[in-house]
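First the structure, in the form of structure tokens, and then the observations on it.
This is a predicted model, so every value here is computed, not measured. Because only heavy atoms are used, hydrogens play no part in the values below, and waters and symmetry mates are left out as well, while side chains stay in. Lettering of chains follows the sequences in order, A, B, ..., and the numbering in each one begins at 1.
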Amino acid sequence: MPEEVKVKSAMPEAVKEFWRWPETRWTNPDINAKQGQLITAGVDVGSVSTQVVVMVDGELYAFSSMRTGSDSPLSATNAMNWALDGTGLTVDNIDYCIGTGYGRVNVPMAQQTITEIACHARGANFVYGPAVRTVLDMGGQDCKAIRCDERGKVLKFMMNDKCAAGTGRGMEVFADLIRVPVWDIGQRSFQVEKEPPMISSTCVVFAKSEVVGLLEEGRPDNDIIAAYCSAMAHRVCELLKRLGIEKEFAITGGIAKNEGVAKRIEKELGVETMPKVWYNPEYRRRNYPFDTQIIGAIGAALFAQALLERGKVKSARKQEKEGKC
Amino acid sequence: MIVAGIDVGGRNVRVLLMKEGTVLAQGEAPTGIKKAEAVERLYDEVLQRAGLKRTDIERVVATGSSGRRVAFAQRVIPEAAADALGVIRLIPSARTVIDVGSEEGRAIKISPAGKVLDFAINEKCAAGTGTFVDTMARALETTVEEIAKLSLQSTRAIPMNAQCAVFGESEVVSLIHSKIAKPDIARAVHNAIAGRIGSVARIVGLEKDVVMIGGVAQNTGFVDSLRKELAMDITVPSAPQFVGALGAAIAATAGVVESAVKARVIEKQKIEEGKA
């Protein structure tokens with residue numbers, strides 16, 4: 001009788017329920033990819049989530065966002081296949097693909113890699129417009145503050161990728177402890193009578209003990225949620241203050257979806273963030289989905305487009321698109 | 001004169017009763033959430049063990065991160081001062097003290113008289129603390145006692161990238177998943193903390209003799225990693241977790257003048273800066 005092998009995933013079992021944000025994909029109904037000239041892709045493999053963005057002549061065509069598994073190359077492949085699902089395209093139709101993110105060295109379909117700092121700045125410029133000068137990306141396991149110019153070129157940056165405070169993981173650990181789904185945390189943090197003092201530890205591990213103490217004292221869950229969001233926002237503000245903020249200021253990445261943290265960052269800095277709407281009026285008019293998590297991959301796909309247009313690289317397309325008009 | 005030293009830490013409280021320089025009794029217990037109550041309970045327990053009553057104790061001095069919770073203490077002294085007094089009594093040749101507890105790691109440069117000359121701390125970050133060991137032991141599905149023994153059985157040094165206890169936990173789980181032997185993972189865990197404590201220690205300078213105390217000093221696996229990290233001999237007195245309480249008791253015996261030395265805090269985690 002073969003021994004039953006117990007496979008442990010990267011996350012403890014109990015956490016699985018509360019971190020699980022919805023995975024998404026989308027195809028632009030207004031673009032016929034087969035009529036386009038250049039098809040580029042950006043693949044952003046983070047330690048927590050993987051995003052693929054496909055662009056046709058520099059316009060957003062398709063994207064997918066899913067959890068990164070324990071095998072990064074496989075995650076990249078899965079995310080790519082899902083992004084292309086239903087489009088009639090395959091990875092062989094792509095002219096140039098750039099990998100970015102923590103797992104960028106392992107993206108099997110990428111022709112080259114570019115740092116996520118550069119990709120986030122470029123992506124933010126496309127999504128929010130040329131007025132953006134400071135970008136805060138709160139990723140799954142890191143947190144970066146970037147200063148850029150009107151073309152989305154990086155001027156300087158600061159990154160913390162050694163500490164869970166102010167990262168998606170820091171929030172997931174908390175969500176699991178308090179047993180509230182990650183996507184509910186934001187709005188519940190505002191359901192308090194009075195803004196409570198922040199958790200005194202920014203360290204996620206020590207904050208956890210503090211939270212356990214508050215739970216035992218019988219403090220209401222929403223108060224604790226508000227206190228934790230404040231502590232995470234505070235941690236991130238330290239990074240931003242060190243870098244120096246120039247308006248306009250935009251937040252990207254998964255945790256930008258957590259209003260509980262985003263609003264408290266605004267409050268502590270006394271600076272408002274750019275509203276989460278497309279800079280491109282056509283995209284706004286046509287109501288294209290606005291997802292802050294795909295911004296890094298957008299930047300990567302745009303770099304691919306630029307490199308091809310300027311003749312810096314040659315198309316890597318392996319197969320012509322079926323020519324049906 | 002009978003005195004008491006009480007050390008209330010992040011995880012454990014220790015009580016030590018002393019008469020004319022001889023330890024009469026000592027005891028420890030977890031503080032739990034309600035620290036003040038745990039302190040009162042342990043104090044009475046240790047008194048009973050020594051056949052004494054509260055009224056027999058002439059002076060009580062407290063220390064530790066929650067020293068203020070000892071309502072009946074005459075005085076609260078800083079941890080660094082208590083550590084220095086305790087260590088110099090046990091090991092007169094000591095000049096550098098490394099104390100790693102559940103929430104904080106500190107390195108203290110001491111004078112031959114047991115005065116604090118300089119000290120540096122790693123605070124507000126679980127990396128390099130006993131909490132880090134606890135978290136990793138859980139991830140390895142073992143106890144803190146076992147993880148110490150495991151790491152001494154290691155045959156291979158493997159790198160551990162994570163310093164953060166949260167990221168470290170997933171890294172440990174991935175290492176298990178990759179079929180890395182548990183002893184090697186345990187050793188990697190201890191090397192990671194030793195690296196961080198080493199950074200703290202180097203701020204004050206490593207003058208012989210180097211003595212390690214505090215709860216984590218009981219972890220032989222960690223001490224071994226730290227010896228290798230510092231490339232120096234480290235002395236660990238017996239019952240190292242009681243040295244803080246001992247120092248507090250010594251302070252209760254003789255009036256002690258505290259030095260005004262301020263802690264030097266190590267940066268929480270490295271922030272990468274760049275230009276593109």
*asked:* Once rounded to the nearest 0.5 Å, what's the spacing between atom NZ of Lys208(A) and atom OG1 of Thr135(B)?
replied: 7.5 Å
*So, for Phe167(B) and Asp161(A), which heavy atoms are closest and what is the spacing to 0.1 Å?*
CE1-O, 4.1 Å
*Please check if atom OH in Tyr43(B) has more than 12 non-hydrogen atoms from other residues, nucleotides or ligands closer than 6.0 Å.*
yes
_Counting only heavy atoms not in Arg11(B) (residues, nucleotides, ligands), do more than 12 fall under 6.0 Å from its CZ?_
no
_What part of Gln141(A) gets within 4.5 angstrom of chain B, counting heavy atoms only: side chain, backbone, both, or neither?_
both
*Proximal component of Ser47(A), with respect to chain B [non-hydrogen, under 4.5 Å]*: neither
*asked:* Between Ile146(A) and chain B, with a heavy-atom cut-off of 4.5 Å, which part of the residue counts as in contact: side chain, backbone, both or neither?
replied: neither
*Examine whether an atom of Ser178(B) lies under 4.5 Å from a heavy atom of chain A, and if so say whether it belongs to the side chain, the backbone or both; otherwise answer neither.*
neither
*At a heavy-atom separation under 4.5 Å, does Arg242(A) approach chain B through its side chain, its backbone, both, or neither?*
side chain
*Determine whether more than 12 heavy atoms belonging to other residues, nucleotides or ligands lie under 6.0 Å from atom CZ of Arg68(B).*
no
_Toward chain A, the part of Ala162(B) with a non-hydrogen atom under 4.5 Å_ = neither
*Is it true that atom NZ of Lys153(A) has more than 12 heavy atoms of other residues, nucleotides or ligands lying nearer than 6.0 Å?*
no
*asked:* Could you check whether any side-chain heavy atom of Arg169(A) comes within less than 4.5 Å of a side-chain heavy atom of Cys164(B), counting everything from C-beta outward?
replied: no
_Considering all heavy atoms, the nearest Ala164(A)-Val166(B) contact_ = CB-CB, 3.6 Å
*What pair of heavy atoms forms the shortest contact from Ala126(B) to Cys203(A), and how long is it?*
N-SG, 3.4 Å
*Heavy-atom distances under 4.5 Å only: say whether Glu103(B) touches chain A with side chain, backbone, both or neither.*
both
